[in-house]
*Asks:* 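I have a structure I would like to understand better, so I am pasting it below and will then ask my questions one at a time.
Below, chains carry the letters A, B, ... as their sequence lines are ordered, and counting in each starts from 1. Atoms considered below: every heavy atom in the structure, side chains included; atoms not considered: hydrogens, waters and symmetry mates.
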There are 2 protein chains.
Amino acid sequence: MLKKERHDFIMRQINLHNRVLTSDLVQLLNVSEDTIRRDLQELVDENLLYKVHGGALSKSYHSSFDDSTVYARDSKIAIGKKAVQLIKDGMVVLTGGGTTILEFVKRLPQGLSATFFTISPLVAVELAKYNNIEVILIGGLFSKNSQVTYGGQVITQLSEIKADLCLMGTSAIHPDEGLTDTYWEINQLKKAMLACAKKTAVLCISEKLDIALRLRVCPIESISYLITELDLDHESLSRYRAKELNIL
Amino acid sequence: MLKKERHDFIMRQINLHNRVLTSDLVQLLNVSEDTIRRDLQELVDENLLYKVHGGALSKSYHSSFDDSTVYARDSKIAIGKKAVQLIKDGMVVLTGGGTTILEFVKRLPQGLSATFFTISPLVAVELAKYNNIEVILIGGLFSKNSQVTYGGQVITQLSEIKADLCLMGTSAIHPDEGLTDTYWEINQLKKAMLACAKKTAVLCISEKLDIALRLRVCPIESISYLITELDLDHESLSRYRAKELNIL
DNA sequence: AATTTTATCGCACAAACACGCATAAAAACG
DNA sequence: CGTTTTTATGCGTGTTTGTGCGATAAAATT
């Protein structure tokens, strides 16, 4: 392999994952650590990346990437980390959209090998950064509000899927009313998603607890895991703890 | 073997494999290293390839890396503006992916009312910013390299669509060889896209002109519009002007 | 503080390269 | 036709570049 090709490869990895480990590159490219270090140094000289102990970072990662505008980002990161624990190698996972799911995806382990179905283009793009994850985007009408695909076609396709786990964000959850929503189409969509997965995890920031909206998606019993940013023994969760529900 | 024949051979290798090693050429062509080096140098002087230590790379091999800063952005904006002229109210448009298409989408007029099918999640998200555009994302396997959906499911869905216009980016276009590509799946995809649209516009920055890759998508006659950033009377376009093709 | 991981430096060696020169075939010319 | 000029190629020699190895230093981890 030519040096230039190696450089291109490294830059592709960097642009894809925003970071790269020296040790990974050694394996992937089958050259010595010295060579990788020299490559990285040369790319630094060309001002194409930042070098750090153990690997390198994308230049654009720090400057142009601004997700600080995400509402309650810290909570969502905490939820994302917890959700990652549910994912094992070889699983088939179905996800919805939303910023919480996105934070979850960003925190998946690099080497994970799994199959992900998703109705969110943004989630698909983020998932594509993992080499060993197969990503299937479910197509259909694209919703301008919630940035996911919806409609009859989506529901038809969902009915053909059998997933081990479904991860979804939520608009509202209530200990008695269960999962609820405001829009008919989204409601239908969530029902279909639930129906095709063995287990369901709901990702939910604490401020959406104890709220019930107009349309019912499912009772609380249909949910396998509730993941919030709160401690397990937090008072707000007591009424959920009583139910048949794993709380993370 | 004549020098010209050798040059042609080298260019063919480059366009086919994106790269070539000096040592391989020595063997294949049965000449000394010096001769190969001189050949490569001459091809560099003609601006036909990129020479590196150990061999040479295709000029158009910018393909999938360089994500952070859009390559040749100004050209792509110019192309996008031209392409917008083809879009009228009420049209059904099918688009591929890529940075050129994205620049096109960003330049659509605000009030436009139309239906867009797309295989690119990023394009879908961008299109969703227009209130009167209905966006349908075609789902399927998601390609990590080209960031579009592909595979059997996509092709099946495409076969059910009838679009007025198909807009696609391109890897390579050649006056005699037509549209060509390197990957089988993308090749199949483009064929399917062409098949379901009444007219096709190819968006192509000038440096991808006159290049032929391994797999053929369609002859030049199947294309309705060729859109580049060049002036209409630019010399590089003369060989395309001869064909049945609208040049913008 | 001890241990492991990652970096840095100098060196060695092979592969790739540039340059001048020699040769020979092809082309141009009287 | 013979001579000169041009072009194309290969060889020898010295140089540069790319890569890996070992020893040592620095950083992270325990």
*Asks:* Whether the side chain of B:Ser58 engages the backbone of B:Asn18 through a donor-acceptor N/O pair (distance < 3.5 Å, no angle test) should be reported.
*Replies:* no
*Asks:* Take the protein atom CZ of B:Arg37 and the nucleotide atom P of D:dT17, then report the distance between them rounded to whole Å.
*Replies:* 14 Å
*Asks:* Does B:Met1 or A:Arg6 map to a spot on DNA chain D nearer the 5' end, using the closest nucleotide for each?
*Replies:* B:Met1
*Asks:* Rounded to the nearest angstrom, tell me the gap between atom CG in A:Leu29 and atom P in D:dG20.
*Replies:* 11 Å
*Asks:* For A:Gln41 and C:dA7, what is the distance between atoms CD and C1' respectively, to the nearest whole Å?
*Replies:* 11 Å
*Asks:* Between C:dC17 atom C1' and A:Leu2 atom CG, what is the distance in whole Å?
*Replies:* 14 Å
*Asks:* Taking atom C1' of D:dG20 as reference, at what distance in whole Å does atom NZ of A:Lys3 sit?
*Replies:* 15 Å
*Asks:* Can you tell me if the side-chain N/O atoms of A:Lys51 get under 4.0 Å from OP1 or OP2 in C:dT8?
*Replies:* yes
*Asks:* In whole Å, what is the span from the CG atom of B:Leu25 to the P atom of C:dA16?
*Replies:* 12 Å
*Asks:* Crowded around A:Arg19 CZ? As in, over 12 foreign heavy atoms under 6.0 Å?
*Replies:* no
*Asks:* What is the distance from CG of B:Asn30 to C1' of D:dA8, rounded to the nearest Å?
*Replies:* 16 Å
*Asks:* Look at the side-chain N and O atoms of A:Thr35 and state whether any lies under 4.0 Å from the OP1 or OP2 oxygen of D:dG18.
*Replies:* no
*Asks:* Between A:Ser32 and D:dC21, is there a contact of a side-chain N or O with OP1 or OP2 at under 4.0 Å?
*Replies:* no
*Asks:* Using the rule given for side chain to side chain donor-acceptor pair (under 3.5 Å), can you reason through A:Glu229 versus A:Ser206, listing the C-alpha separation, both sets of side-chain angles and the distance that settles it, and then say yes or no?
*Replies:* CA-CA 7 Å; A:Glu229 82 277 18; A:Ser206 58; 2.7 Å; yes
*Asks:* Answer with yes or no whether B:Asp34 presents, from its side chain, a donor or acceptor under 3.5 Å of a partner atom in the base of C:dC17.
*Replies:* no
*Asks:* Within the structure shown, what part of the strands sits under 4.0 Å from A:Ser23 by heavy-atom distance: base, sugar-phosphate, or nothing?
*Replies:* nothing
*Asks:* Can you tell whether the side chains of A:Arg38 and A:Glu42 come within less than 4.0 Å, N to carboxylate O?
*Replies:* no
*Asks:* Is it true that A:Asp8 and A:Arg12 make a salt bridge, defined as a side-chain N closer than 4.0 Å to a carboxylate O?
*Replies:* no
*Asks:* In whole angstroms, how far is the C1' atom of D:dG20 from the CD1 atom of A:Ile36?
*Replies:* 13 Å
*Asks:* Just checking A:Val52: base, sugar-phosphate only, or nothing, at a heavy-atom cut-off of under 4.0 Å?
*Replies:* sugar-phosphate
*Asks:* Taking the nucleotide of DNA chain C with the closest heavy atom to each, which residue, A:Arg38 or A:His53, is nearer the 5' end?
*Replies:* A:His53
